[in-house]
Each structure stands twice: as structure tokens, then as C-alpha cells.
There are 2 protein chains.
Amino acid sequence: MELNDFLPYQLSVLSLKISKGIAEHYQDQFGINISQWRVLVILYKNPDITAKRIAQLSQMDKVRISRTLKSLVQKKYLNETTHPLDARAKNYELNERGRYLMRAVIPDALRYEEELLKKLSEQERADLQHLLTKFNKILE
Amino acid sequence: MELNDFLPYQLSVLSLKISKGIAEHYQDQFGINISQWRVLVILYKNPDITAKRIAQLSQMDKVRISRTLKSLVQKKYLNETTHPLDARAKNYELNERGRYLMRAVIPDALRYEEELLKKLSEQERADLQHLLTKFNKILE
DNA sequence: TATTTTTTGTTTCAAATGAAACTAAATGTC
DNA sequence: GACATTTAGTTTCATTTGAAACAAAAAATA
């Protein structure tokens, strides 16, 4: 058995390589880590949502989300308001500073992705998307 | 921008899902974690090698390898001998207990992989392998 | 040969992680 | 309404992680 051929291993190495590249880049350019980046994107698309909803959308651990939100509030990228119908929960949304950050980060992220994808043919890109969708189905 | 469509994100989620499944399984069935499993496979294919060589083959961090080897020696799966030509290094190899473990684990790993792959068509499997190879080339 | 530089591997330390316990509020049940 | 259960989010704690500093040996250079 070759470890190098073992699918889970290959995927792990690939994903780590790509994530590491992004992580360093975002840390350097914008001072945000992967967790913060993920939560920011979700808030960009979903204004005024709770930590619970972010957990559903991101599949991240709730402890991690709690801490990430706290850090983003401290960095003054988010407004935090108590949920009108549930006193346990808080609503979060990007403030002007947060939106400003995202207007800088998103094109950068898309460029990074494009940089990766442009090295694939049209056919390969289609295959990749098909496989990712299929795996998501397979793994529930 | 949809986070869900973002390639690095998709890959990360997929890889974590698959790795988590394996990790739990190996921990339960054999009491070994992912790091230990990777090092064991490498030693299975490459008897009598040093930590440095394992680092090259696995792409894992050297601190992690150092600790993993220590734990595997403690669990009595490996023989550790001082390198004949380099007093800084040690050679590692599976001992009988280690080989016995691997004879149990490897079929199990292959079954897990097969379980995943059999849900793909012949074409999809080929596409997957092609893409993984291609990505490896792209990312050096 | 002596001295500097590089290499191999380990240890230290601080940060990240997540399971489990917890608080507080909402919901369900009687 | 009173009590039990569930839910949202936080804190605690023990573990994992890897960067940086380190020790010891090998290799390079003088």
C-alpha cells in the first residue's frame, strides 16, 4: 500500500497546502485568520444573524465561532445587538469598517481562486466541481 | 461571493470530513491517531529510515514527527537504533508487533477507501486521480 | 587542525483547539 | 403557573500544534 495513493491522505495534503497559502496571505495582508475570514464572508452574505446560524452555515465548532465573533467585535468590524426575540442570543452584522474590509478582501480571494483555477482546463474545472458536489452528497 | 462555492473552502470541508471519519475509526479500532497512522505506513513501505526521511515522505512537521516516533516507540511498535553513520540521527523500523498491527490496519484502510470510491463511477475515479495529480503539479 | 556553518532532532513556550461543564433563557409538560 | 427539558452561547481545562530556541554532531572552510 502506498500512502501517497491513499485518497484521504492526498486530499488532506492538498487541502492543507491550499489553506496554508491563503492563511498566510490573509494574515499578512489584512491581519485576519481563516476563522475570521469565514465568519466575515458569512456575515457579508447574511446580515444580522446569530452565532447559531453562523454555525449552521460554516460547519465550524460553536466554541470557535464564539471566540471568532468576540475577536471581530474587538477589532471593530461587527455590530453586536441583543436578539429582539431571544435574550440568550445576539445578532451580528458587518459595520462600515467591516464592509470596507470585505470590499478589499473579496476581490483578493477571488483572484487567488482564479489563479488556481486558471491552471485547469474548462473540462477539469467542470470535473472538479462535479466531484466536490458528488462527495458532499456521499458524505451526507 | 458565496463561501460555499469557494474552492479552498470546499476542499477544506471535504478533507476534514473524510479525515475525521478515519481518525475516529482508527482511534477506536486500533488506538492510533492520524499522525501515528501516517508514520506507520511510511515505515511499512520504508524500513530502517530516519526522522528526516519520514519528514520528506510525509510532509509533516518535524516536531510532530519527533513526537509521533516517540509515542510509537513507547507503544512498542518500533525499534529505534542509532544511525551507523550519523550520531545525531536514529533509524526506525517496525518490529513484529508493529508489523502485526499493520497487517490488521491496512486492509481496514483499503476497505475505507474502497467504500468511498465505489460510490464514484469509473470515469469519476479517473477524473479525481487526474485532478489530484494535476493539483500536486500546480502547487509544486 | 581549528573554527565556522549547517544539519538533525528535541525541548520550550505560547497559541489554537474542542469536549465538557456551565449560565441563562426559552420551550415543553404536567 | 411550576417544574423539567432543551437551546444559545461562554468558560474551563486538557490536548495539540508548530515557531523558535536549543543541543549535539556533521560538513565546510580557513
Side-chain angles (χ1 to χ4, degrees), chain A residues 12-13 15-17 19-24 26-28 31-39 42-43 46 48-75 78-93, chain B residues 12-13 15-17 19-24 26-28 31-39 42-43 46 48-75 78-93:
Chain A
S12 162
V13 169
S15 165
L16 284 177
K17 261 190 201 163
S19 286
K20 205 179 166 193
I22 301 181
E24 276 169 14
Y26 285 0
Q27 193 59 252
D28 293 351
I32 56 178
N33 62 33
I34 285 283
S35 304
Q36 292 167 340
W37 156 239
R38 286 190 184 165
V39 168
I42 287 173
L43 285 170
N46 307 271
D48 235 31
I49 58 175
T50 64
K52 187 196 172 192
R53 184 83 185 109
I54 294 171
Q56 289 167 347
L57 293 169
S58 70
Q59 311 202 45
M60 281 165 62
D61 183 84
K62 66 175 180 169
V63 177
R64 201 169 161 194
I65 288 167
S66 172
R67 286 172 181 147
T68 301
L69 285 169
K70 197 175 173 184
S71 73
L72 288 172
V73 169
Q74 274 165 358
K75 280 166 168 282
L78 306 185
N79 291 337
E80 185 185 61
T81 51
T82 45
H83 192 285
L85 302 175
D86 187 339
R88 295 169 303 180
K90 292 170 200 158
N91 274 358
Y92 294 91
E93 64 178 348
Chain B
S12 162
V13 169
S15 166
L16 285 177
K17 260 190 202 164
S19 285
K20 204 178 166 194
I22 301 181
E24 276 169 14
Y26 285 0
Q27 193 61 253
D28 294 352
I32 57 177
N33 62 32
I34 285 282
S35 304
Q36 291 168 340
W37 156 240
R38 286 191 184 164
V39 169
I42 286 173
L43 285 171
N46 307 272
D48 234 28
I49 58 174
T50 64
K52 187 197 172 192
R53 184 82 185 109
I54 294 171
Q56 289 167 349
L57 292 169
S58 70
Q59 311 201 45
M60 280 164 63
D61 182 84
K62 66 175 180 168
V63 176
R64 201 169 161 195
I65 287 166
S66 172
R67 287 171 180 146
T68 302
L69 285 168
K70 197 174 173 184
S71 73
L72 289 172
V73 169
Q74 275 166 358
K75 281 167 169 281
L78 305 186
N79 291 338
E80 185 184 59
T81 52
T82 45
H83 191 287
L85 303 176
D86 187 338
R88 294 168 303 181
K90 293 171 199 157
N91 273 359
Y92 294 90
E93 65 178 347

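Chain identifiers are assigned alphabetically (A, B, ...) following the order of the sequence lines, protein sequences preceding nucleic acid strands; residue numbering begins at 1 within each chain. Remember, predicted model here, so these are calculated numbers, not experimental data.
Side chain of B/S15 to main chain of B/S12: no donor-acceptor pair is present (N/O by atom type, distance under 3.5 Å, no hydrogens or angles). The backbone N or O of B/K70 sits nowhere less than 3.5 Å from a side-chain atom of B/K75 that would complete a donor-acceptor pair.
Shown here for B/T50 and B/A89, the closest heavy-atom pair between the two residues is CG2-CB, 4.1 Å. Taking all atoms of both residues into account, the shortest heavy-atom contact from B/A55 to B/I65 is CA-CD1, 3.2 Å.
Phosphate contact (OP1/OP2 of C/dT10, side-chain N/O of B/K90, threshold under 4.0 Å): present. Residue A/K52 has a polar side-chain atom (N or O) positioned under 4.0 Å from OP1 or OP2 of D/dA8. Proximity of A/K70 to the phosphate of D/dT11: a side-chain N or O atom is located under 4.0 Å from OP1 or OP2. The phosphate of D/dT10 has OP1 or OP2 within less than 4.0 Å of a side-chain N or O from A/S66.
Look at CG on B/N33: it is 15 Å from C1' on C/dT17, rounded to the nearest Å. In this structure, B/I54 atom CD1 and C/dT7 atom P are separated by 20 Å, rounded to whole Å. A straight line from CE of A/M60 to P of D/dG9 spans 14 Å, rounded to a whole angstrom. The CZ-C1' distance, from A/R64 to D/dT10, rounds to 17 Å in whole Å. Distance, B/K62 NZ to D/dT17 P: 17 Å, rounded to whole Å. Straight-line distance from the CG atom of A/D61 to the C1' atom of D/dT15: 14 Å, rounded to whole Å. The interatomic distance linking A/Q27 (CD) with D/dG18 (P) rounds to 16 Å, in whole Å. Going from atom CG of A/N91 over to atom P of D/dG9 covers 9 Å, rounded to whole Å.
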message = Counting Watson-Crick and G-U wobble pairs with both distances under 3.5 Å, what is the dot-bracket string for DNA chain D, 5' to 3', using [ ] for crossing pairs and | for pairs to another strand?
response = ||||||||||||||||||||||||||||||
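In this structure, the side chains of B/K90 and B/T81 stay at 4.5 Å or more apart for every pair of heavy atoms. Annotation: side chain of A/Y92 is in contact with side chain of A/L43 (closest heavy-atom distance under 4.5 Å). The side-chain heavy atoms of A/N79 and A/V73, taken from C-beta on, include no pair separated by under 4.5 Å.
One distance of note links CD1 of B/I32 with CH2 of B/W37; it measures 7.0 Å at 0.5 Å rounding. A distance of 10.5 Å separates CZ of A/R67 from CZ of A/R64, quoted to the nearest 0.5 Å.
When each of B/L72, B/I34, B/L57 is tested with B/V39 by the rule side-chain contact (heavy atoms from CB on, under 4.5 Å), just one qualifies, namely B/L72.
When the nearest nucleotides of DNA chain C are assigned to B/R53 and A/S35 by heavy-atom distance, the more 5′-ward of the two goes with B/R53.
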So which protein N/O to nucleotides 26-28 of chain D N/O distances come out below 3.5 Å?
from, atom 1, to, atom 2, distance (Å)
D/dA26, OP1, B/A87, N, 3.2

Protein-nucleic acid N or O pairs under 3.5 Å, nucleotides 12-14 of chain C:
from, atom 1, to, atom 2, distance (Å)
C/dT12, O4, B/R67, NH2, 2.8

inquiry  = I'd like to know whether A/E93 forms a side chain to side chain contact (heavy atoms under 4.5 Å, CB included) with A/N91, so could you lay out the CA-CA distance, the side-chain angles of the two residues, the decisive distance to 0.1 Å, and finally the verdict.
reply    = CA-CA 7 Å; A/E93 64 178 348; A/N91 274 358; over 6 Å; no
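Side chains of A/S58 and A/R38: a donor-acceptor N/O pair is absent below 3.5 angstrom, by distance only.
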